[in-house]
Asks: 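Please find one structure pasted underneath; my questions will follow.
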Amino acid sequence: MTETPAVEIRNLVKDFATSFRRKPLRAVDGVSISIRAGEVYGLIGPNGSGKSTTMKALLGLVAPTSGTCAIFGKDSLKVDSRQDVGFLPENPYFYKHLSGAETLRFYGKLCGLHGKRLEGRVDELLDLVDLHDARDRRLGGYSKGMLQRIGLAQAMVQDPRLLILDEPTAGVDPIGSRQIRDLILKLRDRGITVFLCSHLLEQVQEVCDHVGIIFRGKMVREGRLAD
């Protein structure tokens with residue numbers, strides 16, 4: 001029996017309306033991606049190549065013009081497909097007056113966690129992203145790298161099987177980038193599927209099993225990193 005892919009994108013097309021009487025802008029043009037459970041897949045391309053639009057279609061944040069997206073066999077336009085998904089956008093917004101622990105507690109409650117189970121999950125995630133010593137510090141005092149790591153922690157609150165990361169090291173210094181890379185490898189070791197977007201080739205080379213290269217909305221090349 002064939003294992004259900006974590007992600008299955010087939011012939012995805014996404015057009016955006018432009019000004020009156022102009023042709024629609026085609027952001028994604030016939031992209032197909034299949035990601036096996038437990039692997040790290042990197043979608044790489046320059047800014048404006050269609051990476052983020054592909055991710056948003058997979059998350060059900062935008063409806064495809066044509067084609068389909070599925071997460072563990074479920075249509076991504078249906079709400080129940082997102083139960084197994086954690087998402088870190090390129091520029092996550094946080095309440096800067098909250099501490100790291102309070103932030104995770106807030107997102108945990110949104111995911112239905114309470115009491116000892118919630119507190120245990122908060123402690124576990126702070127340890128995972130190496131922010132336990134900063135748990136009571138307000139996010140307004142966090143560095144960019146620390147904010148990205150707390151973002152990864154909030155994306156992991158409901159223990160997802162698939163983690164989607166949009167430019168996870170954007171604006172992060174080299175030490176922060178290495179910490180995030182090590183985190184992604186840790187997550188893969190736990191059997192979590194990771195789908196990340198990046199325009200940084202060196203980042204993708206360090207963590208990914210499979211790579212897709214997208215340019216002007218079209219998939220140019222795709223395959224195992226070793227190939």
Side-chain angles (χ1 to χ4, degrees), residues 1-10 32-44 51 54-60 69-76 78-89 92 104 107-108 110-113 116-132 145 148-169 176-198 200 202-212 222-227:
M1 185 176 176
T2 305
E3 184 183 18
T4 302
V7 170
E8 190 74 41
I9 300 173
R10 291 184 179 274
S32 294
I33 297 171
S34 183
I35 305 175
R36 292 186 304 173
E39 72 176 3
V40 180
Y41 186 99
L43 186 60
I44 187 168
K51 303 187 302 297
T54 300
M55 280 195 166
K56 287 174 183 176
L58 178 62
L59 287 161
C69 300
I71 297 171
F72 294 108
K74 298 177 181 177
D75 186 339
S76 64
K78 295 180 178 177
V79 175
D80 64 348
S81 70
R82 296 162 216 167
Q83 291 175 349
D84 291 318
V85 181
F87 175 49
L88 177 64
L104 296 183
Y107 284 105
L110 289 179
C111 292
L113 300 179
K116 289 183 179 179
R117 187 180 172 207
L118 172 60
E119 291 307 313
R121 189 66 179 147
V122 169
D123 289 340
E124 180 186 353
L125 289 169
L126 287 168
D127 285 338
L128 177 68
V129 299
D130 197 22
L131 286 173
H132 205 280
Q148 288 296 94
R149 281 186 282 147
I150 205 71
L152 270 169
Q154 68 81 22
M156 293 289 297
V157 162
Q158 82 279 31
D159 200 16
R161 290 194 288 160
L162 170 66
L163 194 59
I164 298 178
L165 311 175
D166 193 358
E167 300 284 0
T169 60
S177 294
R178 181 165 292 273
Q179 288 171 324
I180 291 168
R181 181 208 68 178
D182 291 344
L183 255 174
I184 292 170
L185 293 174
K186 244 190 241 184
L187 296 172
R188 181 179 65 182
D189 290 343
R190 291 182 171 205
I192 295 168
T193 309
V194 180
F195 180 23
L196 71 90
C197 273
S198 181
L200 301 172
E202 64 273 17
Q203 179 190 92
V204 169
Q205 285 178 319
E206 289 181 330
V207 298
C208 293
D209 302 301
H210 275 79
V211 174
E222 187 186 29
R224 291 189 61 81
L225 187 62
D227 299 330

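Counting from 1, the numbers follow the sequence of the chain as shown.
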Asks: Mind checking whether Q148 and Q179 have side chains closer than 4.5 Å, heavy atoms only?
Replies: no
Asks: Between K51 and C197, what is the shortest heavy-atom contact and its length?
Replies: CB-SG, 3.5 Å
Asks: Crowded around K186 NZ? As in, over 12 foreign heavy atoms under 6.0 Å?
Replies: yes
Asks: Compare all side-chain heavy atoms of D209 with those of Y41 and state whether any distance is below 4.5 angstrom.
Replies: no
Asks: So, S198 side chain and I44 main chain: donor-acceptor pair closer than 3.5 Å or not?
Replies: no
Asks: Check whether any side-chain heavy atom of T193 sits under 4.5 Å from a side-chain heavy atom of L163, and report yes or no.
Replies: no
Asks: Between R10 and E8, does any side-chain N to carboxylate O distance fall below 4.0 Å?
Replies: yes
Asks: Measure the spacing between CG of L126 and CZ of R121 and express it to the nearest 0.5 Å.
Replies: 11.0 Å
Asks: Kindly indicate whether the side chain of V40, heavy atoms from C-beta on, has any atom under 4.5 Å from the side chain of C208.
Replies: yes
Asks: Nearest 0.5 angstrom please: L183 CG to M156 CE, how far?
Replies: 9.0 Å
Asks: Restricting to non-hydrogen atoms, name the atom on P160 and the atom on G86 that form the minimum distance, rounded to 0.1 Å.
Replies: CB-N, 3.5 Å
Asks: Determine whether E119 and K116 make a side-chain contact, defined as any pair of heavy atoms from C-beta on separated by less than 4.5 Å.
Replies: no
Asks: Any side-chain donor-acceptor pair under 3.5 Å between E222 and H210?
Replies: no
Asks: If you take all heavy atoms of Q158 and Q83, which pair is closest and at what distance?
Replies: CG-O, 3.9 Å
Asks: If you compare all heavy atoms of R149 against all heavy atoms of V129, which two are closest, and at what distance to 0.1 Å?
Replies: NH1-O, 2.9 Å
Asks: State, with a plain yes or no, whether a side-chain heavy atom of D80 is found less than 4.5 Å away from one of K74.
Replies: yes
Asks: Roughly how far, to the nearest 0.5 Å, is CZ of F195 from CG of L43?
Replies: 5.0 Å
Asks: Can you find a pair of side-chain heavy atoms, one from M55 and one from L58, that are under 4.5 Å apart?
Replies: no
Asks: Would you sort out whether I9 and I35 count as a side chain to side chain contact (heavy atoms under 4.5 Å, CB included), showing the intermediate values?
Replies: CA-CA 9 Å; I9 300 173; I35 305 175; over 6 Å; no
Asks: Does D84 form a side chain to side chain contact (heavy atoms under 4.5 Å, CB included) with L162? I'd like the steps, not just the answer.
Replies: CA-CA 6 Å; D84 291 318; L162 170 66; 5.7 Å; no
Asks: Just how far is it from atom CD of Q154 to atom CG of L88, taken to the nearest 0.5 Å?
Replies: 6.5 Å
Asks: Can you measure from CD1 (I192) to CZ (R188) and round to the nearest 0.5 angstrom?
Replies: 12.5 Å
Asks: Distance from L196 atom CG to D166 atom CG, nearest 0.5 Å?
Replies: 9.5 Å
Asks: Any non-hydrogen side-chain atom of I150 less than 4.5 Å from a side-chain atom of L152?
Replies: no
